[in-house]
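Data first, discussion second: the structure below is written as structure tokens.
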Amino acid sequence: MTFPGAPGSVVFAGSMWVRCALEWARTPAQLPPGLLASWSRHYGAASSYSASTDPSRVRALVYGNHGDPAKVVELKNLELAAMGGSDVRVRMLAAPINPSDINMIQGNYGLLPKLPAVGGNEGVGQVVAVGPSVTGLKPGAWVIPANAGLGTWRTEAVFSEEALIEIPSDIPLQSAATLGVNPCTAYRMLVDFEQLQPGDCVIQNASNSGVGQAVIQIAAALGLRTVNVVRDRPDIQELTNRLKDLGAEHVITEEELRKPETKNLFKHMPQPRLALNCVGGKSSTELLRHLAPGGTMVTYGGMAKQPVTASVSLLIFKDLRLRGFWLSQWKKNHSPDEFKSLLLTLCNFIHQGQLTAPTCTEVPLQDYQQALGASMEPFVSSKQILTM
């Protein structure tokens with residue numbers, strides 16, 4: 001519905017209409033005739049929308065310099081940008097803290113936004129309003145960023161229509177908030193580098209990461225077998241059980257991977273034709289050692305901050321291939337429709353119960369320091385999700 005006199009005759013619909021009417025009116029007393037009763041039913045006396053609420057201001061996690069996230073990220077009130085004809089107003093619902101977010105704040109990433117910047121490359125929001133020239137989105141729709149650098153750690157924002165991609169709103173919130181990066185990376189690495197068939201084997205390190213958990217589940221859905229390497233830790237059995245519940249066939253530690261006995265694994269399953277490396281250093285060298293002749297190792301991260309080292313003999317006598325993958329580059333090389341098709345493929349896995357969100361801890365936006373700290377702690381397998 002529209003509200004006469006509202007700026008730009010912006011269109012509102014769905015479950016947000018009473019809230020949006022109040023934002024326009026500023027106070028319940030100024031609501032158009034007939035809406036006051038509806039406001040009372042939806043929000044009541046305990047509503048967070050009071051006479052002092054300023055709808056033009058939003059809360060956001062902002063950094064003005066690169067450095068330690070605990071020191072440079074601040075919760076600030078920002079002015080909400082005015083909407084243009086092809087703009088979309090979005091209320092953010094949830095946004096994760098990914099390693100790439102941390103690297104971007106530290107200044108150690110392949111894509112760095114202009115400072116000051118709002119943190120967060122991933123998340124899900126709900127469309128509140130659309131400009132008159134917007135044709136592909138409607139109020140109430142769930143949307144995620146089309147590309148990195150959008151700045152999702154905020155309560156609300158105005159984006160261009162091209163910066164957003166609609167996703168189904170019938171998937172779990174945590175799955176929606178974590179859909180656009182890790183599962184996409186996992187799927188593309190599994191299908192783009194080797195022509196794997198059901199029964200083939202994949203080996204990976206950092207298997208309890210967001211990408212690692214997605215690899216386990218998508219591989220299982222495709223009929224692939226997995227060997228999953230993790231760092232040793234006090235709760236290793238608990239982690240092993242959790243990864244096997246996701247579909248992991250074997251879970252071994254970095255120390256076990258280096259033992260000669262590990263070769264016995266491949267007496268009962270094919271040698272891996274694909275290795276997925278997010279660590280580098282000695283861990284990546286061990287992955288290469290267990291690859292089948294002609295196999296490929298794809299590197300998509302460098303948690304150890306050490307170079308990938310490959311012996312000359314492995315490259316010559318086993319003809320191994322070393323490749324890299326960065327989702328942002330994949331998007332540059334493919335159309336938005338291809339990215340949307342990828343998202344729908346993943347949503348189909350979710351609908352069929354074959355892909356769930358990684359283990360998550362939801363943290364209110366105001367407690368961001370706690371979430372940032374936990375996201376950088378070693379051996380923390382739970383992804384921090386900021387809720388707005």
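- Both L61 and M376 belong to a common hydrophobic cluster when Ile, Leu, Val, Met, Phe, Trp and Tyr are linked at side-chain heavy-atom distances under 4.5 angstrom.
- Using a 4.5 Å heavy-atom cutoff, the side chains of L243 and I216 are in contact.
- Side chains of L173 and W142 form a contact here, defined as non-hydrogen atoms less than 4.5 Å apart.
- Residues V158 and L80 form a side-chain contact, since some pair of their non-hydrogen atoms from C-beta on lies under 4.5 Å apart.
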- Could you walk me through whether M189 and Y300 pass the side chain to side chain contact (heavy atoms under 4.5 Å, CB included) test, one step at a time? CA-CA 9 Å; M189 291 193 300; Y300 66 98; 3.5 Å; yes
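- Judged purely by atom type and a 3.5 angstrom limit, D367 has no side-chain atom pairing as donor or acceptor with the backbone of P364.
- Here the side chain of N121 pairs a donor or acceptor atom with the backbone of G149 at under 3.5 angstrom.
- Side chain of N205 to backbone of C278: a donor-acceptor contact under 3.5 angstrom is found.
- In this structure, S341 contributes its side chain and E338 its backbone to no donor-acceptor pair below 3.5 Å.
- A 4.5 Å side-chain heavy-atom check between R242 and Q213 finds at least one atom pair inside the cut-off.
- In summary, the side chains of E362 and T387 do not present any donor paired with an acceptor at a separation below 3.5 Å, with no hydrogens or angles considered.
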- Message: Working note: Y63 + M104, criterion side chain to side chain contact (heavy atoms under 4.5 Å, CB included); need CA distance, chi angles, decisive distance, verdict.
- Response: CA-CA 10 Å; Y63 58 102; M104 192 174 282; 3.8 Å; yes
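- Scanning for side chain to side chain contact (heavy atoms under 4.5 Å, CB included) contacts around T253 gives D232, I236, E255, E256, with sequence neighbours left out.
- For the residue pair T226/N228, the side-chain donor-acceptor check at 3.5 Å is satisfied.
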- Item | Working for side chain to side chain contact (heavy atoms under 4.5 Å, CB included), residues V227 and F266 | CA-CA 10 Å; V227 176; F266 304 111; 4.1 Å; yes
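- The closest side-chain heavy-atom distance from I350 to P172 is below 4.5 Å.
- Between W330 and H334, the ring planes are parallel. Angles under 30° get that label, and only those over 60° would be called perpendicular.
- The same ILVMFWY cluster, assembled from side-chain heavy atoms under 4.5 Å apart, contains both L111 and L115.
- In the model, N98 has a side-chain atom that pairs as donor or acceptor with a side-chain atom of K383 under 3.5 Å.
- Separating the OG1 atom in T296 from the CZ atom in R323 is a distance of 7.5 Å, to the nearest 0.5 Å.
- Taking CH2 of W326 as the reference point, atom NZ of K331 lies at 10.5 Å (rounded to 0.5 Å).
- Residue E156 is tested with R89, R59, R91 for a side-chain hydrogen bond (donor to acceptor under 3.5 Å, both in side chains); the sole match is R89.
- Under a 3.5 Å cut-off, the side chain of S207 and the backbone N or O of V229 do form a donor-acceptor pair.
- Considering only heavy atoms from C-beta on, L288 stays 4.5 Å or farther from N277 through its side chain.
- Cluster annotation: V211 is not connected to V308 through the hydrophobic network of ILVMFWY side chains, with a link wherever side-chain heavy atoms come within less than 4.5 Å.
- Counting non-hydrogen atoms of other residues, nucleotides and ligands closer than 6.0 Å to NZ of K318 gives a total above 12.
- Shown here for L137 and E161, the closest heavy-atom pair between the two residues is N-OE2, 3.8 Å.
- N241 and K244 share no side-chain donor-acceptor pair at under 3.5 Å.
- In this structure, the side chain of S284 engages the main chain of G281 through a donor-acceptor pair within 3.5 Å.
- Residues satisfying the side chain to side chain contact (heavy atoms under 4.5 Å, CB included) criterion with E286, sequence neighbours excluded, are L257, R258, R289, H290.
- Taken together through direct or relayed side-chain contacts under 4.5 Å among Ile, Leu, Val, Met, Phe, Trp and Tyr, I144 and L327 form part of one hydrophobic cluster.
- Counting non-hydrogen atoms of other residues, nucleotides and ligands closer than 6.0 Å to CD of E238 gives a total of 12 or fewer.
- In this structure, T262 OG1 and H250 NE2 are separated by 11.0 Å, a value rounded to the nearest 0.5 Å.
- A distance of 9.0 Å separates OG1 of T240 from CZ of R233, quoted to the nearest 0.5 Å.
- Legend: residues meeting salt bridge (charged side-chain N to carboxylate O under 4.0 Å, His left out) with R321, ordered by chain and number and at least two apart, are E194.
- Contact detail for L112 and G107: the closest heavy-atom pair is CD1-O, 3.8 Å.
- Under the 4.5 Å side-chain heavy-atom criterion for ILVMFWY residues, a single connected hydrophobic cluster contains both V73 and M92.
- Here the straight-line distance linking atom CG of L386 with atom CD of Q370 works out to 10.0 Å at 0.5 Å rounding.
- Heavy atoms only, all atoms of each residue included: L291 and P272 are closest at CD2-O, 3.3 Å.
- Of all non-hydrogen atoms in G324 and V298, the two that sit nearest each other are C-CG1, 4.2 Å.
- In terms of heavy-atom proximity, P183 sits nearest to I218 at O-CD1, 3.8 Å.
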- Task: Show the numbers, then the answer: is there a side chain to side chain contact (heavy atoms under 4.5 Å, CB included) between V143 and V90?
- Result: CA-CA 8 Å; V143 290; V90 176; 4.0 Å; yes
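- Here the closest heavy-atom approach between residue Q204 and residue G212 is recorded as NE2-O, 3.1 Å.
- Judged purely by atom type and a 3.5 angstrom limit, T361 has no side-chain atom pairing as donor or acceptor with the backbone of S382.
- In this structure, the separation between CD on E249 and NE2 on H268 is 11.0 Å, given to the nearest 0.5 Å.
- In this structure, D68 contributes its side chain and A70 its backbone to a donor-acceptor pair below 3.5 Å.
- Side chain of E122 to main chain of G180: a donor-acceptor pair is present (N/O by atom type, distance under 3.5 Å, no hydrogens or angles).
- Side-chain atoms of Q126 come within 3.5 Å of backbone atoms of G140 as a donor-acceptor pair (strictly under, hydrogens ignored).
- At least one side-chain heavy atom of T178 sits under 4.5 Å from a side-chain heavy atom of P358.
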- Message: Is there a salt bridge (charged side-chain N to carboxylate O under 4.0 Å, His left out) between K259 and E261? Walk through the geometry before answering.
- Response: CA-CA 5 Å; K259 292 180 179 179; E261 294 82 4; 6.0 Å; no
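- Under the 4.5 Å side-chain criterion, counting only non-hydrogen atoms from C-beta, F339 is in contact with C184.
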